[in-house]
There are 4 protein chains.
Amino acid sequence: MSKTERVGVSLDKKLLSMFDMLIRKQGYSNRSEAIRDLIRNRLSQEELTSPTSQAIAGVFLVYDHHVTRLSQNLVDLQHYYLLQVIASTHVHLDHHNCLEVIILKGKVKEIEKLGNNIASLKGVKLSRINIMTTGEHLA
Amino acid sequence: MSKTERVGVSLDKKLLSMFDMLIRKQGYSNRSEAIRDLIRNRLSQEELTSPTSQAIAGVFLVYDHHVTRLSQNLVDLQHYYLLQVIASTHVHLDHHNCLEVIILKGKVKEIEKLGNNIASLKGVKLSRINIMTTGEHLA
Amino acid sequence: MSKTERVGVSLDKKLLSMFDMLIRKQGYSNRSEAIRDLIRNRLSQEELTSPTSQAIAGVFLVYDHHVTRLSQNLVDLQHYYLLQVIASTHVHLDHHNCLEVIILKGKVKEIEKLGNNIASLKGVKLSRINIMTTGEHLA
Amino acid sequence: MSKTERVGVSLDKKLLSMFDMLIRKQGYSNRSEAIRDLIRNRLSQEELTSPTSQAIAGVFLVYDHHVTRLSQNLVDLQHYYLLQVIASTHVHLDHHNCLEVIILKGKVKEIEKLGNNIASLKGVKLSRINIMTTGEHLA
């Protein structure tokens with residue numbers, strides 16, 4: 001387990017009391033944890049601006065499962081890109097619509113390209129990609 | 001199956017040719033489909049601004065599975081909110097870190113509250129919520 | 001001038017060294033200032049989720065100044081909403097296009113409504129609204 | 001003035017009626033204009049993903065004008081980057097806080113770098129950058 005360091009931060013009293021109020025509402029038990037989360041988020045956000053960063057993503061698709069060929073096209077796309085599909089979950093939304101959540105790993109730019117191409121598939125009504133860093137650097 | 005209507009749109013030739021270039025790059029086979037997607041996205045975006053809209057969400061958590069009590073706290077939270085958990089997928093990222101993707105249904109405001117509370121759990125390093133409309137109105 | 005308080009934060013050494021690298025790249029001279037900025041941003045973001053918060057916004061419009069009535073419609077809209085226009089800057093982009101940046105104060109929800117209505121004005125090609133908190137609570 | 005072309009789009013009746021309702025609420029007088037705006041936004045968004053695209057931006061700063069050297073540092077930064085400052089507007093928010101909106105032109109990546117560096121200046125409490133395409137390609 002890695003070592004921790006104690007850092008001192010000067011904060012205006014009013015700013016601090018507003019922050020304390022917010023994190024209590026969110027459920028944090030202490031300030032250190034809340035500040036660590038702000039730092040991790042900032043670092044993660046920074047990492048994702050680099051097109052070659054390794055990332056993990058969830059691709060969300062709402063699609064009409066009556067449209068033939070879509071499943072095949074999805075599989076083809078996943079093979080075309082240099083991405084590693086880890087898992088995929090299928091949810092039945094209503095008589096026409098399915099939600100598919102595909103969890104994959106790969107470079108930021110490959111994931112973004114895949115996202116554009118999936119959106120254009122016939123039968124896909126809505127699509128969204130949620131990219132995150134893998135967290136391995138974020139102790 | 002619902003009926004379709006043919007709508008005429010006047011577009012500047014230069015704007016049209018730029019749009020054609022973009023959608024070819026994205027993989028669309030025709031303009032109608034690309035324009036339908038723009039419209040669906042706009043409507044979906046609008047629907048999500050209302051706190052009481054029914055939505056579907058993916059909650060992404062990167063967390064340290066060595067931290068005890070986290071799994072129990074996650075389950076408790078899911079019961080506290082008026083949300084219906086549909087599925088959840090667990091991915092082993094490395095020796096310390098796991099990714100958990102929880103797919104759930106509920107009102108926009110309940111989902112957002114849950115998101116804030118999950119971020120604050122001890123052991124959660126990164127969290128993100130991806131909210132989408134259920135697509136049932138989007139033919 | 002308000003009082004400051006010294007707060008101690010425990011940070012993993014690796015996380016801390018990554019943060020130090022990032023803030024040096026961004027030009028921060030010390031950690032306290034960087035952490036204060038993260039806190040202020042988080043508080044500001046939270047404040048803007050409330051529709052009745054007082055905010056300051058920049059409305060950006062790219063429009064074709066050959067389209068008559070647009071200036072008049074803009075003025076009408078600004079009077080219709082309960083917003084206080086503080087300043088507006090007009091920039092000549094090219095033969096057809098102007099940029100207008102309108103700085104105004106008002107409630108978040110009023111600003112958002114204005115934004116939607118301005119986007120729909122004939123002649124407006126692009127529009128964007130940048131909302132910020134007024135900063136008065138952020139010491 | 002450039003030529004327009006009439007394009008036919010097939011739309012599901014239910015989708016169309018929802019879209020009509022939305023654009024009426026937003027104030028559009030006809031569908032063509034609303035669809036043109038969706039297309040322009042999509043193209044603009046695409047253009048901004050390229051780091052070398054020419055863009056126009058509004059840099060928003062809330063800062064404490066009692067902090068000396070800030071104005072000088074701002075001017076230095078503006079000269080350091082290959083950006084062309086077009087105009088800047090100063091607004092007095094309260095006894096301590098000023099808002100400065102700097103409108104500038106330049107490449108997307110230069111604008112983003114400037115944004116990070118401005119955020120780190122001593123005295124700057126909040127900062128945001130609003131980037132837009134210049135609209136010259138968007139007829």
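Lettering of chains follows the sequences in order, A, B, ..., and the numbering in each one begins at 1. Values reported hereafter were calculated over all heavy atoms of this structure, with side chains retained and with hydrogens, waters and symmetry mates removed. Predicted model only: the values in this text are computed from it and were never measured.
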**Request:** Name the region of Asn117(B), side chain, backbone, both or neither, that has any atom closer than 4.5 Å to a heavy atom of chain A.
**Result:** both
**Pairing residues for His90(B) by the ring pair (Phe, Tyr, Trp, His ring centres under 6.0 Å) criterion, not counting sequence neighbours** = none
**Request:** Sequence neighbours left out, what passes side-chain hydrogen bond (donor to acceptor under 3.5 Å, both in side chains) with Ser17(B)? Give chain and number order.
**Result:** none
**Message:** What residues of residues 19-33 of chain A make heavy-atom contacts with chain B at a cutoff under 4.5 angstrom?
**Reply:** Lys25(A), Gln26(A), Gly27(A), Tyr28(A), Glu33(A)
**Prompt:** Rounded to the nearest 0.5 Å, what separation is found between the CG atom of Leu93(B) and the CD1 atom of Ile86(A)?
**Reply:** 7.0 Å
**Prompt:** Say you draw a straight line from CD1 of Ile102(B) to OG1 of Thr89(A); how long is it, rounded to the nearest 0.5 Å?
**Reply:** 12.0 Å
**Message:** Looking only at heavy atoms and a cut-off of under 4.5 Å, which of Leu126(A), Asp94(A), Val124(A), Val62(A) has the most pairs with chain B?
**Reply:** Leu126(A)
**Request:** Look at Ser127(B), Gly115(B), Ala119(B) and state which one has the largest set of heavy-atom pairs under 4.5 Å with chain A.
**Result:** Ala119(B)
**Asked** Under a 4.5 Å heavy-atom cut-off, does chain A meet the side chain of Ile131(B), its backbone, both or neither?
**Response** backbone
**Request:** Hey, could you give me the CE/CG distance between Met132(B) and Asn130(A), rounded to the nearest 0.5 Å?
**Result:** 11.0 Å
For residues 52-59 of chain A, tabulate all N or O donor-acceptor pairs below 3.5 Å that involve a side-chain atom, not counting sequence neighbours.
{"unit_1": "Thr52(A)", "atom_1": "OG1", "unit_2": "Ser50(A)", "atom_2": "OG", "d": "3.4"}
{"unit_1": "Ser53(A)", "atom_1": "OG", "unit_2": "Glu47(A)", "atom_2": "O", "d": "2.6"}

**Prompt:** Checking heavy atoms, do the side chain of Ala34(B), its backbone, both or neither come under 4.5 Å from chain A?
**Reply:** neither
**Message:** If I take atom CG from residue Leu99(B) and atom CD1 from residue Ile103(A), how far apart are they, to the nearest 0.5 angstrom?
**Reply:** 5.5 Å
